[in-house]
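Quick notes on the structure that follows.
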2 protein chains.
Amino acid sequence: MSSQQNAECCEPTLSEALSPDRAAELARSFKVLGDPVRLRVLSLIAARRGGEVCVCDITDAFDLTGPTISYHLRQLREAGLVDCERRGTWVYYWIIPAKLGLLSQFLDPADTVTPTAGA
Amino acid sequence: MSSQQNAECCEPTLSEALSPDRAAELARSFKVLGDPVRLRVLSLIAARRGGEVCVCDITDAFDLTGPTISYHLRQLREAGLVDCERRGTWVYYWIIPAKLGLLSQFLDPADTVTPTAGA
DNA sequence: AAGCTGCTTAGAGAATCATCTAGACAACAT
DNA sequence: ATGTTGTCTAGATGATTCTCTAAGCAGCTT
């Protein structure tokens with residue numbers, strides 16, 4: 001675990017020029033979000049009251065094999081978007097809101113120069 | 001142009017279960033954001049005072065050929081993240097804040113159940 | 001301990017993607 | 001009209017991705 005390499009002081013927004021390193025880091029997160037299955041998995045986890053979902057429930061919700069779901073969960077995990085814990089037989093996943101918040105804020109147009117009304 | 005197919009009434013957030021169609025639509029946007037070059041291009045456009053950037057300025061900022069930049073700009077355009085207009089010799093690009101806002105809000109953890117502190 | 005179930009890892013194959021070169025179109029200049 | 005410059009399209013290619021099957025580990029049950 002520990003997937004944050006370049007934790008810098010300030011969270012970037014689109015309105016500030018992005019260094020190549022920072023861009024690569026953010027792009028990796030967005031790329032992980034850029035798959036419909038992963039987005040649905042993430043949504044399924046986030047929508048769950050209690051915040052935790054068993055892998056078996058996720059697998060049941062899709063027409064995909066277990067290994068495929070496992071692959072997508074790993075992508076989400078390695079991107080720092082979710083974390084998991086084994087409890088006995090089952091493995092439970094939950095989302096990491098801080099990471100989502102960082103990405104959300106990066107895209108937030110409130111922090112971004114509005115075109116044709118720029119200040 | 002006109003890339004919004006299923007404009008529904010409410011913008012989705014992660015906290016609500018995502019339909020496969022909606023997930024596919026959102027994933028396409030995030031996939032476009034999931035490339036470091038495109039993210040830097042978008043940042044370069046968004047950071048520009050006045051909100052508009054000539055393609056030639058973008059191309060100059062990268063160690064990539066013109067066609068490659070053009071390819072990425074097309075991806076951004078088809079995702080509805082930017083739009084462009086030709087003015088004489090040059091083509092100018094600007095971002096579309098509404099689209100960014102939609103994606104930002106989708107990821108906003110304020111709209112999302114916090115794990116272990118769920119409602 | 002032997003077997004069963006839940007989940008992950010390993011490896012393979014088809015599809016998609018990012019990049020390039022070559023060529024085309026658009027607008028301006030001479 | 002012809003040439004020059006800015007941008008885009010077409011086609012090709014190596015790399016990456018998503019999915020599967022097969023096999024492995026972890027923990028429970030008997």
Side-chain angles (χ1 to χ4, degrees), chain A residues 1 3 18 20 23-45 48 52-79 81-94, chain B residues 1 3 18 20 23-45 48 52-79 81-94:
Chain A
M1 326 258 164
S3 61
L18 209 51
E25 194 183 340
L26 283 162
R28 190 145 36 90
S29 298
F30 285 123
K31 181 182 292 187
V32 167
L33 293 175
D35 179 280
V37 172
R38 282 193 290 268
L39 224 43
R40 284 173 64 201
V41 168
L42 201 65
S43 158
L44 197 149
I45 299 174
R48 187 64 138 253
E52 290 184 346
V53 184
C54 172
V55 171
C56 57
D57 289 337
I58 301 172
T59 306
D60 284 352
F62 291 85
D63 242 5
L64 294 167
T65 64
T68 296
I69 296 297
S70 197
Y71 162 75
H72 287 300
L73 285 171
R74 169 134 83 145
Q75 303 296 113
L76 290 166
R77 225 186 310 132
E78 288 179 351
L81 291 163
V82 303
D83 202 356
C84 66
E85 185 184 35
R86 165 163 233 137
R87 267 178 236 142
T89 303
W90 293 280
V91 176
Y92 293 88
Y93 277 77
W94 58 88
Chain B
M1 327 266 164
S3 59
L18 209 52
E25 194 183 341
L26 282 162
R28 189 146 36 91
S29 298
F30 284 123
K31 181 181 290 186
V32 168
L33 293 174
D35 178 279
V37 172
R38 283 194 290 266
L39 224 41
R40 285 172 63 202
V41 168
L42 201 65
S43 158
L44 196 148
I45 299 174
R48 188 63 138 252
E52 290 183 347
V53 184
C54 171
V55 171
C56 58
D57 289 336
I58 301 174
T59 306
D60 284 351
F62 291 85
D63 242 5
L64 294 168
T65 64
T68 296
I69 296 297
S70 197
Y71 162 74
H72 287 301
L73 285 170
R74 170 134 80 145
Q75 301 297 111
L76 289 167
R77 225 185 312 132
E78 289 178 351
L81 291 162
V82 304
D83 203 356
C84 66
E85 185 183 38
R86 167 162 233 135
R87 268 180 235 138
T89 303
W90 293 281
V91 176
Y92 293 89
Y93 277 77
W94 59 87

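Convention: sequence-line order gives letters A, B, ...; per-chain numbering from 1. Since the model is a prediction, treat every value here as computed from it, not as a measurement.
- As rounded to whole Å, 7 Å separates atom P of D/dC18 from atom CD of A/Gln75.
- Among the protein residues, B/Gly66 comes within range of no part of the nucleic acid, since none of its heavy atoms lies under 4.0 Å from any strand.
- Atom CZ in A/Arg87 sits about 13 Å away from atom P in D/dC28, given to the nearest Å.
- Judged by distance alone, with hydrogens and angles left aside, the side-chain atoms of B/Ser70 form no donor-acceptor pair with the main-chain N or O of B/Gly66 at under 3.5 Å.
- Nucleotide C/dG23 holds its P atom 23 Å from the OH atom of B/Tyr71, rounded to whole Å.
- Using a 4.0 Å heavy-atom cutoff across all strands shown, B/Tyr92 reaches no nucleic acid atom at all.
- Side-chain contact check for A/Arg38 versus A/Leu81: every heavy-atom pair is 4.5 Å or farther apart.
- Note: CG (B/Asp35) to P (D/dT17) measures 11 Å, nearest angstrom.
- Of the listed nucleotides (C/dA18, D/dT21, C/dT8), C/dA18 has the atom at the smallest distance from the side chain of B/His72.
- Mapped onto DNA chain C by nearest heavy atom, A/Arg74 and A/Thr89 fall at different nucleotides, with A/Thr89 at the one closer to the 5' end.
- No option in B/Glu52, B/Glu85, B/Arg77 other than B/Arg77 meets the side-chain hydrogen bond (donor to acceptor under 3.5 Å, both in side chains) test with B/Tyr93.
- Within the 4.0 angstrom heavy-atom criterion, no nucleotide atom of any strand lies near A/Phe62.
- With hydrogens and angles disregarded, a donor-acceptor distance shorter than 3.5 Å links the side chain of B/Arg86 to the backbone of B/Gly88.
- B/Thr68 comes within contact range of at least one nucleobase, with a heavy-atom separation under 4.0 Å.
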